[in-house]
Each structure stands twice: as C-alpha cells, then as structure tokens.
Amino acid sequence: MSDNDTLLTTTSGLTTTTSGLTTTTPGLTTTTPGNFIRHIIDDDIATNKNDGKVVTRFPPEPNGYLHIGHAKSICLNFGIAEDYNGTCHLRFDDTNPHKENAEFVQSIQDDVRWLGYDWGKQHFFASDYFEPLYDFAVQLIEKGKAYVCDLSAEEMRKYRGTLTEPGKDSPYRNRSAEENRELFAKMRAGEFADGSKVLRAKIDMAAPNINLRDPTIYRIRHGVVHHQTGESWCIYPMYDYTHCLSDSLEGITHSLCTLEFADHRPLYDWFLNTLETPCHPQQIEFSRLSLQYTIASKRKLTSLVNDGHVEGWDDPRMPTIAGMRRRGYPAAAIRDFCVRIGVTKSDNTVEMGVLENCVRENLNEHAPRRMAVLNPLKVVITNYPEGQVEQLTVANHPQNEDMGTREIPMSREIVIDQNDFLQVAPNKKFKRLVHGGEVRLRNGYVIRCDEMIKNEQGDIIELRCRYDPATLGASPEGRKVKGVIHWVSAAQGISAEVRLYDRLFNHPAPDAAKDDQDYAAHLNPESMLTLTRCVLEPALGETEDGEYFQFEREGYFCKDQAVTADHSPVFNRTITLRDSWAKIEKQAAQSG
RNA sequence: UGGGGCGUCGCCAAGCGGUAAGGCACUGGGUUUUGAUCUCAGCAUGCGCAGGUUCGAAUCCUGCCGCCCCAGCCA
C-alpha cells in the first residue's frame with residue numbers, strides 16, 4: 001500500500017446486520033450487502049473459475065500504523081474470504097526497507113486481529129519471495145524482456161517523456177541477454193553503487209500508459225538492514241513487479257486494490273503473461289475511503305506523530321485503528337461502518353456522523369450504565385440523616401435486565417454537575433435544577449434546592465437541598481418533576497481524570513489542500529480537554545483498561561491505560577450521547 | 001492536445017430496459033426516572049447536461065460538461 005494511501009473498503013460478514021442480501025454459504029449465514037466485487041466473484045463461481053475457490057489478501061506495507069482506510073480494505077478482503085468460504089492472506093509488502101520496520105509489522109498484526117480477523121497460517125512477507133523473484137527476473141532477461149539500465153534517475157525521467165509525448169529508448173535497452181544476466185548478477189553481488197544501475201522491464205517507451213514505459217523492477221540499496229532479510233540483499237524489487245508475482249505464488253484469485261492502481265493493471269497482467277507463473281489473479285480496483293475531519297495519508301499521519309501534534313500512533317484522536325481502539329470504539333462498530341459505507345469505484349467522502357452512529361449504536365447496546373460527575377458541585381441534603389448511607393440497587397442497563405444491577409451509595413452530601421444547576425431557568429424548556437425548583441436524582445430521590453452558597457467571587461460553591469423520602473422509585477404527590485440529573489455520593493465517590501476528546505481537525509477536509517503543509521493549520525486546538533476533579537460512582541473503582549461504560553447523560557467512556565500521579569484512574573470519552581438539548585437550547589435562545 | 005476512472009436526495013449507496021431500495025443526516029409526533037434509547041411519520045415525478053432508440057430509459061446509443069488518478073530507482 002502506498003504512502004499516501006488510504007485503503008479502503010467495506011463489508012464483512014461478521015456480526016453486523018444490514019439490509020441486503022442474505023447469502024448462505026456452506027457453514028455460515030451472513031447478511032452482507034452485495035457490491036460490484038462480490039458480483040464479479042459470484043460470476044466467477046458460477047462459471048467455476050479458479051475451481052470455485054476464493055483467495056484474497058490484505059497487503060499492507062509496514063511503514064506506519066493502520067488507519068480507518070485500511071479497515072475498509074481489511075473488512076473487504078477478510079469479509080469476502082469468510083463469506084465465500086475462502087481464505088485471506090496477510091502479506092506484508094516489504095520491498096522498501098528504508099521506510100519499514102518491525103514495530104509496524106507488529107502493530108499491523110495486532111490491529112487486524114483486534115478487528116476480529118484471523119489469517120491462520122497464511123502469514124507472509126513479500127520478502128519471503130526475494131529468491132524466486134530474482135529467478136523470475138533472470139527469466140525475463142533470458143526472454144529479452146528486461147535489461148540493466150545505467151541511466152541516472154534524472155536521465156530516466158527525461159527519457160520517459162511526458163503525459164502527452166512518448167518517451168525514447170534508453171541507450172542500454174539493447175544489451176544482450178548474456179550481458180544483462182551478468183550485470184544483474186553483479187548487481188545482486190553488490191558490485192555497483194546505489195543508483196548506478198537498475199533492472200528494467202522492456203515493454204514500450206511510447207505506450208500512452210506511462211507505467212508501461214520500461215518500468216524499473218529492481219533497484220540497488222546498500223547499507224539498509226531489512227527487518228526480515230537483514231543484509232542478505234542489496235537489490236530490492238519494485239511494487240509492480242513484486243505484487244503480481246507474490247499474488248500468483250500464493251494462489252490469490254482476486255487481488256483487490258484501490259483505484260489509483262488501475263493504471264498499473266496492464267503491468268500486473270504483463271508480468272504474469274510474460275513469465276511462467278502458477279496462476280493469474282484478477283486485479284480489481286475500488287475507491288478509497290475519505291472520512292470528513294480526518295486525514296488518511298500515512299505521510300501526514302506520520303508527521304502528526306513525529307511533529308508532536310498528538311501523543312503517538314495510538315493517540316485517541318488519531319484515525320488509526322490503534323487510536324480508535326484506545327478511544328473506545330468497539331471493533332464491531334468499525335466493521336459495521338465498513339459495511340455501511342459500501343464498496344464502489346466512485347470518489348466519496350463519508351461524513352463522521354456515519355462512524356459516530358455505528359459507535360453509539362454498538363455502545364448503547366453493550367455499555368453498562370454508570371454515573372460520573374465531571375464538573376462537581378457539592379450538594380448537602382439538609383433533611384437527610386447525618387451519617388446515614390443507603391445502598392440503592394440500580395439497573396446496569398435500562399433496556400436489558402440481563403446486564404444485572406449494582407449498588408450505589410446515597411448519603412447526606414452528594415455532588416452533581418455544575419451544568420445541571422442554574423440560579424434561574426434560562427427558558428421554559430430548561431428542566432434541570434434551579435433555585436427553588438425540584439429535580440429527580442437519577443435512580444434516587446427528588447430534591448428541592450432551598451439555598452445557594454457562594455464564595456467571595458460570587459461563584460456558587462454549594463447547594464442546600466431537601467429530599468422527599470417518598471419519591472424513591474415513586475412519583476411525588478401532586479406534582480410533576482420532569483428533570484432528571486445524575487449524581488454521586490461525595491464521601492464514597494472516587495476521584496478520576498477524564499479526557500474529553502473532540503475531532504482532531506476543525507476543517508471537514510484538512511487534506512484538501514494538496515501541499516503537505518496546510519493540514520496542520522486545521523488542527524483543532526480543543527481536540528483534548530482534561531478534567532481532573534471528576535467523581536465516579538464506586539462501582540467504577542475496579543475496571544480494566546479498555547472497559548467501556550455509558551456515564552449517564554454524558555456519553556460513552558473507556559478506561560485508559562494511563563494513571564494519574566496520585567493513582568487515580570483515567571477515562572477517555574469515546575463519544576457523547578446524541579444531544580437534542582443543544583438544538584433546543586439554540587432555538588430557545590432565538591425565540592426567548 | 002496522452003492514458004485510466006467516476007458522475008442516482010446534504011453524505012454514503014441499491015438499481016443492470018418495465019415505471020427511483022436502504023443507511024446516515026434532517027423535520028415533525030409518541031413513550032421514557034439518561035433532553036439517551038425505542039417508536040411512528042415525512043424527506044429524489046427525479047437519476048451531470050442535451051439529443052436519439054423504444055410502447056416504456058437511471059438503465060441502450062451519440063455528443064457535450066464536470067470531478068479524480070498517472071510522468072518515484074514509493075507502495
């Protein structure tokens with residue numbers, strides 16, 4: 001995959017439910033919407049092409065972490081393999097040791113596995129084929145279809161011609177097979193300096209498709225230690241040459257890649273037609289994914305990390321798989337997203353709302369509910385017995401009894417969120433607590449605010465309220481209390497740090513300006529807000545990293561691996577709850 | 001003035017000659033001890049434009065227009 005690339009893709013038959021065809025293949029029933037690639041495969045199976053087998057592959061280059069665009073490709077390739085009872089290989093396209101490393105190889109494996117896919121024994125490296133690839137090159141030379149060229153990179157560019165003018169033959173184009181074989185052997189033996197020679201396919205310097213103007217297939221690279229092959233090679237094959245042959249060697253039937261490789265297909269086919277190979281996979285191109293408010297170019301993601309704009313590849317604001325995992329996005333939500341966006345050949349930019357909807361939908365169903373106060377305001381219940389602590393039994397999920405219950409303590413002093421109290425209601429739709437008004441404590445009693453205590457600056461620092469003992473699990477007598485707010489008993493609550501995340505960029509297309517500089521100017525300065533005085537209900541005291549919850553009325557949160565200096569837990573806000581109040585507030589403000 | 005790809009609702013996306021699926025978003029109603037969830041309803045006489053073929057065209061033909069990709073010894 002490329003440097004600027006976004007890979008993309010969709011669909012998978014995992015646990016997602018979407019409308020669409022229900023295909024029953026031996027052993028499994030899935031509901032995965034069809035797409036043009038699946039239609040092609042259906043036809044191939046109908047005509048018994050490849051003996052009805054389906055073998056795909058996900059071929060990342062280990063030069064960075066996987067991002068949401070790769071998720072599309074992973075779901076497409078592994079999803080198809082699953083649905084057609086085929087296999088999907090994980091193959092690292094590691095032909096450029098200069099940019100690749102073992103950390104990336106590891107992270108890619110972790111991410112694919114986390115997404116829910118298993119390549120079984122089908123784990124390969126293009127570098128596994130360096131020896132056979134070398135032999136194929138010799139075969140090309142013997143057929144008079146490749147030659148060693150001494151032109152410099154710059155000269156080669158001049159000889160290549162332009163988009164509208166044909167190129168011209170290299171003066172080295174007609175070397176004999178013997179001479180080429182000898183020269184190529186010396187290239188491998190390390191007798192030539194970097195850049196002094198390359199091996200080129202001999203095709204057609206006047207081809208309208210520039211990829212066919214005698215493309216380079218081997219270059220010399222001394223002094224780099226390849227993460228898999230060490231220093232055993234000083235010549236490395238190029239992508240176009242390596243990919244098709246690797247596919248063939250592995251018996252891939254359908255080689256799915258992104259649109260920009262469509263121009264390379266003639267080359268893909270040329271190598272396979274020219275050489276004696278095991279099989280001829282079919283390359284099919286689909287469009288990459290663009291997600292609003294994010295960038296998906298590995299080059300730029302790398303610079304976000306290296307320039308310190310984020311804290312690492314797994315920063316919760318990053319559109320990387322690792323970042324989304326740490327942010328708390330469930331793998332199933334990402335898979336669902338990949339199914340929903342579809343697979344086509346048209347350019348597309350998906351709105352963040354689609355991904356967010358997938359995350360909320362999944363979390364709403366699976367996240368246990370808890371109460372947590374992010375911006376605490378002390379409340380003393382004046383008529384509540386001093387020293388008394390009640391344990392209230394509350395449901396972990398309002399719509400799913402199977403998720404059980406938990407106990408939450410209630411006492412004379414509690415904390416509520418500062419945003420849930422206003423001295424005077426700003427409009428008639430406001431239904432939280434106001435001075436002199438009533439509100440229900442979620443899962444608890446109805447309280448009335450009698451008094452506000454302020455500091456010298458006039459800030460409200462404490463509320464004095466009374467509770468109605470008859471309102472636990474019951475409506476109050478003769479009046480309606482519409483508002484419900486969350487709270488935590490002050491003495492029993494545990495302190496925590498909560499990180500509120502927002503989009504990394506404040507421009508829908510930070511990538512739009514093609515120059516690599518611009519995107520940084522669109523970084524959202526408020527993409528992370530850290531709250532350090534949060535109070536969580538006791539049940540949140542023992543949680544594992546990665547465990548997620550809905551903090552009622554606030555959003556979905558996930559326990560982070562970090563811990564504060566005083567050993568308090570840290571939670572990341574995955575996403576807020578849908579907020580129709582924000583809209584009402586705006587309208588109310590306009591209409592009074 | 002080269003080659004390749006693409007244009008169906010704000011964003012995705014079905015459709016493959018028989019009279020515009022679905023999702024997200026949005027709007028309005030109902031339920032609700034999360035302003036959440038859930039639920040009901042609405043949301044393209046129209047498929048880049050213009051002609052043509054046909055009883056019938058988003059689907060076929062012709063011609064335009066627009067957008068994306070390609071001149072790495074990157075993938």
Side-chain angles (χ1 to χ4, degrees), chain A residues 1-5 18-20 33-35 39 59-61 63 93 95-96 98-99 149 151-153 156-157 160-167 194-200 207-213 215-221 236 238-240 242-243 257-266 285 287 292 298 339-358 360-361 364-365 369 371 397-399 429-432 440-444 446 471 473-475 481-486 550-555 577-585:
Chain A
M1 301 221 122
S2 64
D3 145 23
N4 225 47
D5 66 332
T18 55
S19 55
N35 57 51
H39 293 333
E61 180 189 12
N63 66 343
D93 222 327
T95 57
N96 185 3
H98 190 70
K99 295 182 174 177
C149 182
L151 250 28
S152 68
M156 223 193 268
R157 195 183 327 122
R160 192 153 34 226
T162 68
L163 293 178
T164 54
E165 303 156 20
D194 285 13
S196 62
K197 285 180 170 51
V198 294
L199 181 69
R200 293 225 258 170
N209 179 340
I210 293 183
N211 294 124
L212 264 17
R213 317 238 266 227
T216 297
I217 57 182
Y218 267 93
R219 75 285 213 179
I220 300 170
R221 286 289 176 275
Y236 290 93
M238 299 288 288
Y239 167 85
D240 286 309
T242 307
H243 208 88
C257 62
T258 45
L259 243 35
E260 67 273 25
F261 290 101
D263 285 341
H264 296 241
R265 189 172 359 109
E285 311 85 18
S287 57
Q292 284 197 337
K298 258 193 220 169
V339 169
R340 294 195 199 195
I341 58 177
V343 179
T344 67
K345 298 183 75 148
S346 36
D347 294 332
N348 62 85
T349 301
V350 179
E351 293 177 340
M352 259 297 190
V354 180
L355 212 208
E356 294 178 336
N357 174 263
C358 292
R360 288 197 179 101
E361 200 168 87
N364 174 55
E365 185 181 347
R369 308 295 111 130
M371 291 203 284
H397 189 110
Q399 279 86 228
K429 296 206 174 171
F430 188 81
K431 52 185 198 183
R432 278 115 97 152
R440 161 147 244 137
L441 293 180
R442 160 120 260 233
N443 294 133
V446 167
T471 55
S475 294
V481 174
K482 296 199 73 176
V484 180
I485 65 174
H486 56 100
Q550 180 194 103
F551 287 178
E552 295 204 49
R553 300 210 317 130
E554 291 288 1
L577 252 27
R578 200 173 260 108
D579 185 11
S580 61
W581 167 243
K583 217 164 17 190
I584 295 171
E585 207 173 21

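Side chains are part of it too, since the values below use all heavy atoms of this structure and drop only hydrogens, waters and symmetry mates. Quick note on labels: first sequence line is chain A, next is B, and so on, each numbered from 1.
Nucleotides B/rU54 and B/rU1 place their C1' atoms 38 Å apart, quoted to the nearest Å. B/rG17 sits 11 Å from B/rU53 when the C1' atoms are compared, rounded to a whole Å. Using atom P as the reference point in both B/rA20 and B/rU27, the two lie 28 Å apart (nearest Å). A gap of 26 Å separates the P atoms of B/rU39 and B/rG10, to the nearest Å. Nucleotides B/rC12 and B/rA71 have their C1' atoms positioned 33 Å apart, rounded to a whole Å. B/rA14 and B/rU31 are spaced 39 Å apart, taking the P atom of each and rounding to whole Å. Atom name C1', nucleotides B/rA50 and B/rG66: the rounded distance is 15 Å, in whole Å. Between the P atoms of B/rU33 and B/rU37, the separation comes to 16 Å (whole Å).
The shortest heavy-atom contact between A/Glu285 and A/Phe261 is CG-C, 4.2 Å. For the residue pair A/His397 and A/Glu365, the shortest heavy atom distance occurs at CE1-O, 3.6 Å. Heavy atoms only, all atoms of each residue included: A/Asp263 and A/Asn209 are closest at O-ND2, 2.8 Å. A pairwise comparison of heavy atoms in A/Asp93 and A/Pro59 identifies CB-O, 3.8 Å as the closest pair. When all heavy atoms of A/Leu259 and A/Lys345 are compared, the closest pair comes out as CD2-O, 3.1 Å.
Of the N and O atoms on the side chains of A/Ser287 and A/Asn348, at least one donor lies less than 3.5 Å from an acceptor on the other residue.
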Produce a footprint string for nucleotides 25-37 of chain B: one letter per nucleotide, 5' end first; B if the base is under 4.0 Å from any protein heavy atom, S if only the sugar-phosphate is, - if neither.
S-S-----BBBBB
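Heavy atoms of A/Met156 sit under 4.0 angstrom from at least one base atom. Across all strands, A/Arg213 comes closer than 4.0 Å to no nucleic acid atom at all (heavy-atom distances). Residue contacts shown for A/Thr242 are absent, as no nucleic acid heavy atom lies under 4.0 Å away. A/Ala153 comes within 4.0 angstrom of a nucleotide base, judged by non-hydrogen atoms across all strands. Within 4.0 Å of A/Thr162, counting heavy atoms only, lies at least one base atom of the nucleic acid. Using a 4.0 Å heavy-atom distance criterion, A/Ile217 is classed as making no nucleic acid contact. Residue-level contact check: A/His264 touches the bases, meaning some heavy atom is under 4.0 Å from a base atom.
If you find the closest nucleotide of RNA chain B to A/Val354 and to A/Leu259, the one lying nearer the 5' end belongs to A/Leu259.
Atom OH in A/Tyr236 sits roughly 14 Å away from atom C1' in B/rC73 (whole-Å rounding). Atom CG in A/Asp194 sits about 10 Å away from atom P in B/rC74, given to the nearest Å. As rounded to whole Å, 17 Å separates atom C1' of B/rA13 from atom NZ of A/Lys345. Between the CZ atom of A/Phe261 and the C1' atom of B/rG72 there is a distance of 12 Å, rounded to whole Å. The CZ-P distance, from A/Arg265 to B/rC69, rounds to 19 Å in whole Å. We find that CG of A/Asp347 is positioned 9 Å from C1' of B/rG7, with the value rounded to whole Å. Atom C1' of nucleotide B/rC74 and atom CD of A/Glu260 are separated by 12 Å, given to the nearest angstrom. Here B/rA71 presents its C1' atom at 9 Å from CZ of A/Arg157, a figure rounded to the nearest Å.
Between the side chain of A/Arg221 and the backbone N or O of A/Asp194, no donor-acceptor pair lies under 3.5 Å.
For the OP1/OP2 pair of B/rC73 and a distance below 4.0 Å, the side-chain nitrogens and oxygens of A/Arg160 include at least one atom meeting the criterion. Contact check, A/Thr216 against B/rG72: no side-chain N or O comes under 4.0 Å of OP1 or OP2.
A donor and an acceptor atom sit less than 3.5 Å apart, one in the side chain of A/Asp263 and one in the base of B/rG3.
For B/rA41, the paired nucleotide is B/rU27, the pair qualifying as Watson-Crick or G-U wobble because both relevant distances are below 3.5 Å. Across all strands shown, B/rG22 pairs with B/rC12; the Watson-Crick or G-U wobble distances both stay below 3.5 Å. Across all strands shown, B/rG66 forms a Watson-Crick or G-U wobble pair, both distances under 3.5 Å, with B/rC6.
Between A/Tyr239 and A/His264, the ring planes are perpendicular. Angles over 60° get that label, and only those under 30° would be called parallel.
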Report the C-alpha distance between A/Glu552 and A/Leu577 in whole Å, list the side-chain angles of each, state the deciding distance to 0.1 Å, and finish with yes or no for side chain to side chain contact (heavy atoms under 4.5 Å, CB included).
CA-CA 9 Å; A/Glu552 295 204 49; A/Leu577 252 27; over 6 Å; no
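Against the 90° criterion about 0, the sugar-base torsion of B/rG72 places it in the syn range.
With B/rC69, B/rC73, B/rG2 as the candidates, the nucleotide lying closest to the side chain of A/Pro208 is B/rG2. Of the candidates B/rA71, B/rC12, B/rG23, B/rG23 carries the atom nearest the A/Arg340 side chain, counting heavy atoms from C-beta on. Looking at the side chain of A/Val350, the nearest of the listed nucleotides B/rC12, B/rA71, B/rG3 is B/rC12. The listed nucleotides are B/rG72, B/rA71, B/rC12; the one nearest the side chain of A/Thr349 is B/rC12.
Counting heavy atoms from C-beta outward, A/Met238 and A/Val198 have side chains that stay 4.5 Å or more apart.
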